[in-house]
Every structure is written in C-alpha cells, then in structure tokens.
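Model, not experiment: these values are computed from the prediction. Proteins get letters first, then strands, A, B, ... in listed order; numbering begins at 1 in each.
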2 protein chains.
Amino acid sequence: MNIIKKYTPQKIIDISTRLFAEKGFAAVSVREISMDADSNVSAVSYYFGGKSGLYKAVLEEQFLPLIEAMVYIKENEQLLPEERLSFYAENVSKIHSQRPYLSKFMISESLKPTPYGKEIIEKHLSQVYNFLAKSLQDGIQSGVFRDDLDITYTAVALASILNFYFVAKPLLKNVKILENPQDEDYTQNAFRIYLQGIKIDKSMNEGM
Amino acid sequence: MNIIKKYTPQKIIDISTRLFAEKGFAAVSVREISMDADSNVSAVSYYFGGKSGLYKAVLEEQFLPLIEAMVYIKENEQLLPEERLSFYAENVSKIHSQRPYLSKFMISESLKPTPYGKEIIEKHLSQVYNFLAKSLQDGIQSGVFRDDLDITYTAVALASILNFYFVAKPLLKNVKILENPQDEDYTQNAFRIYLQGIKIDKSMNEGM
DNA sequence: GTCTATATTGCGATAGAC
DNA sequence: GTCTATCGCAATATAGAC
C-alpha cells in the first residue's frame, strides 16, 4: 500500500479536469484519461458510470465556488452600492484564483451548454445580475452614479471587465503581452477605471 | 440546372461555420455537415481535402475582417489618443456585427488553438495591443489620461469591456438579461464608462 | 477494486460507378 | 461533380478473470 497515492476516482477527476478544460469534452477520450491517471479504460465507467458522468462530476467540483458566491452575495445587500460592487470585484478575482480552470468551463458551457452546467450557470448568472443591477440602481438613486447609464449594459460591462481577463490570460501570456500577470493588480486597476467611469463627475477632489 | 441553388462548396462552408461555432471541431462529423448541406460524405474530402481543410477554409473566411482591421489601424495612428480608442471601439462592434460567429471562433481558438487560427489571432492580438498601448501612453504623456494607470492592464480592460459582451450575448439572451440587445448602444455605453474612467478628473465641466 | 479482452458503434477517407 | 459502398481505425462501454 502506498500512503501517498491518491484514490483512483479523485485522480481521474483531477486529470480529466485539465484535459476537459484544455481540449473540450468531445476531444478527450476515456483511454487518454485512463492512461494519464495510470489506470485502465474501465475505471471511468466503474466510478462515474461513463464519460458523461465523469464530466458532470468535474463540473460539480469546478462550480462549487459559484454556488458559494451566491450565499455571500445575499449577505452583502446592506452595504453601500459602491462597496457592493467592490465586493463583487474582489470575489471574482478570488474565485478565479481558486479554480484556474473555471473560466474555461464557464466559457465552454456558455458556447456549448450541457444540461448540468447550463442549470448552474444560468442560476448563478441571474443572481449576480440582479445583485449588480440593484447596486447600480441604488447608486443612481442616491446620486453617486451617473443617471445617464443603461443599467443592463453597465452591469454587463462590469462583469466583462472583470472576467474576460481570466479567459484571455493564457493567450496574452503566449504572445508576451502579459509576462508576469498579477490578478489582484489587474482587478484593482480595472475596477478603479470602471468606478470612476460610472460615478458622477463631481469636480471635487477625492482623498485618494 | 437550378439558378438559385448555391454551389455545393459554399453551402458546405456556410453550414459547417454554424456547426463548428456551435459544437466545436471535434464534436462535428462530416456526415452531419454533408446531410445538413444536402450533399454526401465524400464532398468534404473532394472540395477541401478533408475535415481539417474545411475548418481552415471556414477560419479564413471568418478572420478576414480581423486582417482588414490591421490595415485600418495603421492608417489611424495620427489621430488623437482619445479618437484612436474611440475608433477601435467602433471597429470592434462593426466586426462582430458583420460576423456573428466570429467571437465563438476567437474564443475557441484562444482556448484550444489550431495552427492556422493561432497564427492569425496572435498576429492580430499583437498589433491591436501595440495600437492600444501606444494610444494610452500618448494620452498619459499629453496629460489627458490618468498617470496612475498600468498600461498593459488598462489596454486589456478596454478589449475586455468591448469584446466580452459579444461572447456572452447568447447566454444573456437565454436567461432574459438581454431581451433586445443593441450592439452599438452597448458599445457606446461601455466606451463612455471606460473613457471617463481613464481620463484625469479635471474638475472642469465638459460640454457633453 | 483493478485489469484484459472484446462487442459494438461511429468516425474520416476513398475507390469506383454514373 | 456527385453518389454509394466499403475499408480501416478509434471510440465508449462492458463482461468476466483475478
């Protein structure tokens, strides 16, 4: 018995997470997964009931932080509009750092939804959108944010500026546009631009 | 002879563009393409030398506007920094309207590059990045843009805010966040936020 | 729980009739 | 230029040995 050795099912999940993220569901074979996991072709059916069952198990693990994020979001509805948006920005960055492959599964499920992924993503998306739209609405009503903004487009713009970076990061590293990317620095830089962009241009100096 | 009928190869390209965009290269079979194009399995090999040759032909057609955009970019280096960024924003919107599947191929090629797509995208990306970075740099030096911005992250933020919307649009329509999306309106709303976000907070009123 | 061997299906590609 | 028939291969899934 090898104490260090991972249990086969967890090893299969870890290996297939990378393969599914990098090549897509259809392009990965269970043979490939088995070999990379030092197992055999029948293991995937034995533990997960087939290739589709394995994919579902992978998605379940990947989407956990999204499900948790919905809870946090509900707990933060009493903050100021600006603080709520800032809280969202920090969370996006944290979640992507926790799960480096998550952005690939989210994009992949957006382009070609599978039943399980579709359900999670759509529920998550609706909750996040409602949170952002309400925060923007409150900020406009309290005179902090510009009143000439389209709320839907402005909410989408925040999600865009925060998420797209994590999708594009591997490509930007490849072409040397990003050499040593610091996720928190990007998020902070992007959120500062966005926040100044939606605030009313008051003409008073601000402390920072 | 049927005058209205499309030539078979063009019909195959049109059908397979949609299929490749929606399902990905590996998940589409030449049998499926042939049937949807009212042709037969041997047509793909006959006209394009196989499935890979067909995919390359599809990418070539999809990426044409990107190649053209590089020419326009070079012609607009004499404009003011702000005008150059605005020119870029309009072009992104135009290109995606021309080619509704383009964003899917760009994302797909970013996640899982194929040799042909990789070459085009990387070249395009480098040119666009250099254009944006130079425009931002010029704007900072001439005192129009804030000097506390990281140029790389700020350039990525503009590309993010303008492009991600087109990637997410189908999903946002599905969950009824976008009901009747107007691409030009989104682009204008997003670019105004971004521009105010990177400009120096002068405390003088601006005409608009 | 893990393996080998195998059944079955569907793939891309092509030869050859028309 | 378009079709059918078929070859060879690789896929998933499973039966059954250990």
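Within a 6.0 Å sphere centred on CD of B:Gln196, heavy atoms belonging to other residues, nucleotides or ligands number more than 12. No more than 12 heavy atoms of other residues, nucleotides or ligands sit less than 6.0 Å from atom CE of A:Met35.
Salt bridge status for B:Glu22 with B:Arg18: present, with a side-chain N to carboxylate O gap under 4.0 Å. A salt bridge links B:Glu82 to B:Lys199: at least one charged side-chain nitrogen sits closer than 4.0 Å to a carboxylate oxygen. A:Asp138 and A:Lys134 are joined by a salt bridge, as a carboxylate oxygen and a charged side-chain nitrogen come within less than 4.0 angstrom of each other.
Of the residues in residues 32-40 of chain A, those lying under 4.0 Å from DNA chain C by heavy-atom distance are A:Ser39, A:Asn40.
A straight line from CZ of A:Phe48 to C1' of C:dG1 spans 14 Å, rounded to a whole angstrom.
Checked against side-chain contact (heavy atoms from CB on, under 4.5 Å), A:Tyr116 has the following partners two or more places apart in sequence or in another chain: A:Lys56, A:Leu59, A:Glu60, A:Ile120.
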TODO: Determine, for nucleotides 13-18 of chain D in 5'-to-3' order, which nucleotides have protein heavy atoms under 4.0 Å from the base (write B), from only the sugar-phosphate (write S), or from neither (write -).
DONE: SB----

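For the ring-ring contact (aromatic ring centres under 6.0 Å, His included) criterion with A:Tyr186, the lone passing option out of A:Phe191, A:Phe166, A:Tyr165 is A:Tyr165.
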TODO: Give the C-alpha distance, both sets of side-chain angles, the deciding distance and a yes or no for salt bridge (Lys or Arg N to Asp or Glu O under 4.0 Å) between A:Glu32 and A:Lys23.
DONE: CA-CA 12 Å; A:Glu32 186 179 6; A:Lys23 306 172 69 171; 2.7 Å; yes

